[in-house]
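First up is the structure itself, then whatever we jot down about it.
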Amino acid sequence: SLHEGENGFPFVTLQTAAGASAKIYLYGAHVATFKDSKGRDHLFMSSKAEFKQGKALRGGIPICWPQFGPGKLPQHGFARNSTWQLNDTKVEEGVTSATFLLKDSEETKKVFPHSFELHYTVELKGDEMNTVFLVKNCGSDAFDWTGALHTYFNVAAIDSTSVKGLKGFTYVDKVQDAKEFEEKGEDIKFTSQLDRVYLKGASNDVHIQDTEGTEKVTFSSWKDVVVWNPWVEKAGGMSDLGEGEWKKYVCVEAVQVSDVVRLEPQQSWSGTYAFSKL
Ligand code: TA6
């Protein structure tokens, strides 16, 4: 169902008969919460998230598109700062979903001169959230994009959290001049700012383990995995992050950045990205 937000930002809520629920703002088609049937919220939202046009909401699942990271466009592109349309909601046997649509506009054409449609489906299946992200080139010229679902997962405490499943993958370390290293460990642990692009890391499951359990994250079509926590210094400079809240989340992101996705006219790309507690 569609609600008028307390901060003027309309949002959709999804519920399942088993008691799972989700809240998705039309702004950025931004998933803000996913509560499973045991009432656990898998996603972190900053207590100081700013609800202002043009500013990305801090937490949940920001959609970074058509650019991941800094570059020609503003950081992480415009999809997360655009208002999407609610296209469809469905309640089928065991699956409750909503589909959101973003099409090109005069605004987007100023920075990205192409015709496109983004179709983003958020599904609740039991105690799993699944996302299907589809990009369609609706124009007559090819275009390239990079992007990510930049998910903030709730953790009990970042310094007792480990991310597992990326051993053996090469990562670009954004905190060490983008130098490349091979992940030697079974566990990625956090003792300072960590910001790494695991190249082709999305080829298998990733587990986020903390003192309260394990979140399993699965991918299809998405290529890379970004793992990020700002730690205390960088968090100090983030005005939209509450005091000490850097300890309460880790980003494990579905990413296409190791190479661009080129879409020919009328061609589509779609990827899925799902998570649930083990
Ligand atoms: O996901 C990692 C990252 O690219 C970091 O480098 C950091 O900039 C983070 O995204 C947050 O970016 P944002 O523009 O949302 O503040």
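Just so you know, ligand 1 is whichever comes first in the structure, and atom 1 is the first atom listed for that ligand. Values reported hereafter were calculated over all heavy atoms of this structure, with side chains retained and with hydrogens, waters and symmetry mates removed.
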| Which is it for R196 and ligand 1 at heavy atoms under 4.0 Å: side chain, backbone, both or neither? | neither
Show which atoms of ligand 1 fall inside a sub-4.0 Å distance from at least one heavy-atom site of [X].
X    : value
R80  : 13 (P), 14 (O), 15 (O)
E253 : 1 (O), 2 (C)
R58  : 11 (C), 13 (P), 15 (O), 16 (O)
H150 : 1 (O), 2 (C), 3 (C), 9 (C), 10 (O), 11 (C)
Q75  : 8 (O), 12 (O), 13 (P), 14 (O)

| query | Around K247, counting heavy atoms of other residues, nucleotides and ligands shown, do more than 12 lie under 6.0 Å from its NZ? | reply |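 For K247, atom NZ is not crowded (no more than 12 foreign heavy atoms under 6.0 Å).
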| task | Could you tell me whether K200 atom NZ has more than 12 heavy atoms of other residues or ligands within 6.0 Å of it? | result | yes
| said: Check for me whether the distance between the ring centres of Y27 and F9 falls short of 6.0 Å. | reply: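 Ring centroids of Y27 and F9 are less than 6.0 Å from each other.
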| query | Considering only the protein, which heavy-atom contact is closest to atom 5 (C) of ligand 1, and what is its distance? | reply |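 Among all protein heavy atoms, the one nearest atom 5 (C) of ligand 1 is D195 OD2, 3.2 Å.
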| Ion pair present between K164 and E186, side-chain N to carboxylate O less than 4.0 angstrom? |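 Looking at K164 and E186, the cut-off is not met.
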| Heavy atom of M238 under 4.0 Å from ligand 1? |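 In this structure, M238 fails to qualify as a contact of ligand 1 - no heavy atom is under 4.0 Å.
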| Is the Lys NZ or Arg CZ of K248 less than 6.0 Å from the centre of F44's six-membered ring, within 45° of the axis? |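 Judged by the rule, K248 and F44 form no cation-pi pair.
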| message | Is it the case that the side chains of S1 and H3 hold a donor-acceptor pair, with the cut-off being a distance below 3.5 Å and no angle test? | response |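 Yes, side-chain donor-acceptor contact under 3.5 Å.
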